[in-house]
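See structure below.
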Number of protein chains: 4
Amino acid sequence: MERSRTSDKRNRILRAAVKVFAAKGFYVARVSDVAREAGVADGTIYLYFASKGDLLRGLFEENMERLIEQVRGVSAKHDSAASRLSQIWSDYVVFVQSEPELAEVLTVELRESGKFMNEFAADLFGAFLRLIVEVIADGQSRGELRRDVSARTVARLMFGAFDELSLSWVMSKNKWDLERSGKEALTIFLDGLRPKTSE
Amino acid sequence: MERSRTSDKRNRILRAAVKVFAAKGFYVARVSDVAREAGVADGTIYLYFASKGDLLRGLFEENMERLIEQVRGVSAKHDSAASRLSQIWSDYVVFVQSEPELAEVLTVELRESGKFMNEFAADLFGAFLRLIVEVIADGQSRGELRRDVSARTVARLMFGAFDELSLSWVMSKNKWDLERSGKEALTIFLDGLRPKTSE
Amino acid sequence: MERSRTSDKRNRILRAAVKVFAAKGFYVARVSDVAREAGVADGTIYLYFASKGDLLRGLFEENMERLIEQVRGVSAKHDSAASRLSQIWSDYVVFVQSEPELAEVLTVELRESGKFMNEFAADLFGAFLRLIVEVIADGQSRGELRRDVSARTVARLMFGAFDELSLSWVMSKNKWDLERSGKEALTIFLDGLRPKTSE
Amino acid sequence: MERSRTSDKRNRILRAAVKVFAAKGFYVARVSDVAREAGVADGTIYLYFASKGDLLRGLFEENMERLIEQVRGVSAKHDSAASRLSQIWSDYVVFVQSEPELAEVLTVELRESGKFMNEFAADLFGAFLRLIVEVIADGQSRGELRRDVSARTVARLMFGAFDELSLSWVMSKNKWDLERSGKEALTIFLDGLRPKTSE
DNA sequence: GATGAATGAGGGTTCATTCAT
DNA sequence: TATGAATGAACCCTCATTCAT
């Protein structure tokens with residue numbers, strides 16, 4: 001009887017938590033809601049997570065790391081900043097479309113929860129942002145992107161813009177074409193980030 | 001003894017709520033925290049608001065309307081889309097800098113709260129977004145902005161970008177120059193939105 | 001400006017209390033309900049009554065005394081036990097029919113409230129009952145009523161029976177003929193209380 | 001480990017509620033009083049009852065049904081109206097003497113509570129009364145009881161009389177002989193209900 | 001490991017009462 | 001006297017967490 005390194009039940013609970021937190025929000029959701037959704041007893045959750053907050057923390061950790069890994073892999077396979085940004089975004093679109101509830105939790109709860117797990121969430125988010133900053137800065141240093149703007153500012157801008165785009169898509173129940181809007185967004189940013197001829 | 005049209009105490013409670021909700025988040029904040037901050041008894045809050053949720057609602061209502069009015073006034077005083085967007089943003093910077101806690105509550109809680117006051121918050125936010133859409137669409141129809149992107153998408157992008165920018169400024173306790181970053185952001189967007197020569 | 005010995009406002013409050021207590025019950029009724037019904041401010045009530053409980057107490061006192069006086073007067077004007085009981089009951093019917101809400105409060109709340117104003121309510125009720133006992137005992141000593149039953153028991157029986165009759169009439173919103181039922185009841189009791197021939 | 005069909009704890013809570021409600025009255029009693037008396041935590045009560053009011057409701061339901069069953073059984077075992085009424089009453093005396101607190105709650109709170117659970121309490125009480133009405137009407141149709149009085153009125157009379165008798169016995173802390181008084185009462189009623197010779 | 005009944009601290013809300021006007 | 005805004009103690013109920021089975 002092999003046991004996967006990370007228990008099946010733990011994953012079932014995490015998946016249930018995503019669903020429930022997405023539907024009700026972290027604070028309104030009850031631990032027993034998660035338990036019911038996961039098909040386990042309330043107490044079972046505490047065999048895998050120390051507290052309700054830890055459940056949210058575990059959820060962030062596991063998934064943000066996955067996202068970060070994905071983004072990290074992009075830089076290896078693409079040369080230009082433009083193609084990297086394009087790839088990062090289209091990967092993210094795939095993620096949002098295939099796991100909209102997770103995307104919602106990751107973006108919505110990240111903010112409110114900042115209140116009770118500051119350093120933790122900030123770290124994960126910081127790591128994510130730093131990768132974007134690197135892509136931008138690299139593009140600038142190679143003359144692919146304009147240099148008169150702070151890479152950090154650009155990274156935040158793009159993150160905010162795409163985050164808003166995907167979140168509103170999730171919350172509007174997929175009523176419009178996310179890929180198309182994303183392509184338009186990317187075009188605007190890449191055009192706006194083109195090196196000035198005067199430089 | 002003159003009495004302001006809207007009760008002093010109501011305003012004191014609203015201001016206290018902003019402070020407390022910003023510091024702890026709506027769900028973690030206790031009504032008695034707000035009462036203490038406002039210097040009133042717990043029960044007094046219920047003379048002005050029907051419930052804790054109604055307090056948050058009242059807070060949105062009053063302030064979002066103010067912001068919307070401000071944005072609305074901008075279009076009358078400025079001609080080009082560029083100057084309108086520039087003005088809207090610099091007005092918003094002034095707001096964020098002078099009332100950072102309110103800005104935080106308005107942006108952070110708007111999301112989480114979407115869960116329990118959906119239509120309400122969505123309406124106010126929708127009204128705000130619509131104004132931006134109009135500015136963009138108007139700029140497009142006058143040939144000032146590129147036409148190959150959806151005005152709605154652009155509005156969302158810009159909102160998301162600037163929202164992220166100001167929120168991260170608020171939460172990082174003002175460690176960097178918001179105005180400067182904002183100017184860079186505006187430049188990137190305006191460059192990215194410039195009509196294509198091929199058009 | 002003459003002032004009646006017992007203030008008008010005090011009476012207005014008492015009348016309002018009767019109405020409100022009858023409709024909602026003492027515990028569910030709020031002091032502010034009584035104030036609104038009386039057309040006075042909440043605080044005004046406390047100029048005439050020390051507390052909510054005192055309001056109920058005042059209500060009992062004033063009205064029970066009136067009822068007791070009425071019953072007391074009957075014995076003077078009537079000779080036989082039968083005619084006395086008949087008169088007491090028909091007076092009570094008049095009272096119940098003209099002030100059903102007061103009758104309801106006096107009978108319903110008397111019981112529940114026994115819990116918090118024991119000695120007081122018991123005294124008033126005891127005085128009332130004692131009058132009935134006297135009528136019965138007098139009738140027994142004069143050979144008009146059977147002697148093989150305790151006057152106290154008979155008084156309680158009759159009180160309980162007539163109380164139930166009038167209360168159910170009040171609560172059923174006067175759907176049947178109280179006078180008629182009362183006459184039947186009286187007949188049964190008087191027949192049942194007739195001296196045994198063997199005596 | 002056997003489990004009784006109806007949870008032990010539920011019954012412990014109900015018994016505690018009887019004791020506490022009898023002592024303080026429903027409105028004055030606190031849920032935590034009941035919990036302490038039952039030896040459980042406050043929250044435990046809500047595992048078995050939806051609310052404080054539901055606790056009172058459950059208490060009525062369970063016990064009134066028991067009483068009604070008892071009364072119902074009497075008619076099968078006795079022939080004459082006289083022996084039926086006699087048996088119903090002596091059963092009730094046994095009940096009142098063995099569970100005086102329950103008797104008190106059932107009769108006292110039934111009235112006040114009518115305010116917030118009208119139809120419910122009325123139904124149970126109505127069912128009880130209807131059984132008495134049947135006994136009376138049956139006695140009348142068989143010529144055992146006088147026919148010139150409404151069976152409904154007689155039932156109410158007797159109920160009111162016996163209710164008052166037992167309640168006052170309960171509240172006077174058993175200072176007198178309930179059985180004896182009850183026998184007297186029954187004699188009076190049966191004599192009063194004897195068919196008229198003229199009929 | 002798994003369960004879910006039990007716990008009890010905590011918080012939103014009510015409302016009798018007060019008191020400055 | 002009269003007012004009614006303000007008070008704050010009290011209480012019902014929720015729900016994260018525990019623990020005996």
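Each chain gets a letter, A, B and so on, in the order the sequences are listed, and its residues count up from 1. Computation of the quantities below employed the complete heavy-atom set of this structure, encompassing side-chain atoms and omitting hydrogens, waters and symmetry-equivalent molecules.
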What integer distance in Å separates [X]:[atom1] from [N]:[atom2]?
| X | N | atom1 | atom2 | value |
| --- | --- | --- | --- | --- |
| B:K52 | E:dT14 | NZ | P | 15 Å |
| A:R36 | F:dC15 | CZ | P | 11 Å |
| A:L55 | F:dC15 | CG | C1' | 15 Å |
| C:D33 | E:dC15 | CG | C1' | 10 Å |
| B:F49 | F:dA5 | CZ | C1' | 15 Å |
| B:L47 | F:dT3 | CG | P | 18 Å |
| C:I13 | F:dT1 | CD1 | C1' | 12 Å |
| D:D42 | E:dG11 | CG | P | 16 Å |

Upstream residue (5' side of DNA chain F) when D:A29 and B:G43 are each assigned their closest nucleotide: B:G43
Contact nearer the 5' end of DNA chain F, comparing D:V31 with C:T44: C:T44
Geometric class of the C:F21/C:F26 ring pair [parallel <30°, tilted 30-60°, perpendicular >60°]: perpendicular
Flag, side chain of C:K52 to backbone of C:A29, donor-acceptor distance under 3.5 Å: yes
Check: C:A22 main-chain N/O paired with C:E101 side-chain donor or acceptor under 3.5 Å: no
Phosphate-side-chain proximity, C:K9 and F:dA2, N/O vs OP1/OP2 below 4.0 Å: yes
Sugar-phosphate only, base, or nothing, as touched by B:A50 at under 4.0 Å among non-hydrogen atoms: nothing
Touch class at under 4.0 angstrom, heavy-atom based, for C:Y48 against every strand present: sugar-phosphate
Stepwise side-chain contact (heavy atoms from CB on, under 4.5 Å) test for C:L59 and C:L106: CA-CA 8 Å; C:L59 196 157; C:L106 250 36; 3.9 Å; yes
Reported OG1-to-CZ distance for the pair A:T44 and A:R12, which is rounded to 0.5 angstrom: 9.5 Å
Of the listed nucleotides [options], the one nearest the side chain of [X]:
| X | options | answer |
| --- | --- | --- |
| C:R30 | F:dC12, E:dC15, F:dC15 | E:dC15 |
| D:Y46 | F:dT17, F:dC13, E:dT17 | F:dC13 |
| B:A41 | F:dG8, E:dT3, F:dC13 | F:dG8 |

Residue met sooner reading DNA chain E from 5', once A:I45 and D:V40 are mapped to nucleotides: A:I45
Pairing partner (Watson-Crick or G-U wobble, both distances under 3.5 angstrom) of E:dG4: F:dC19
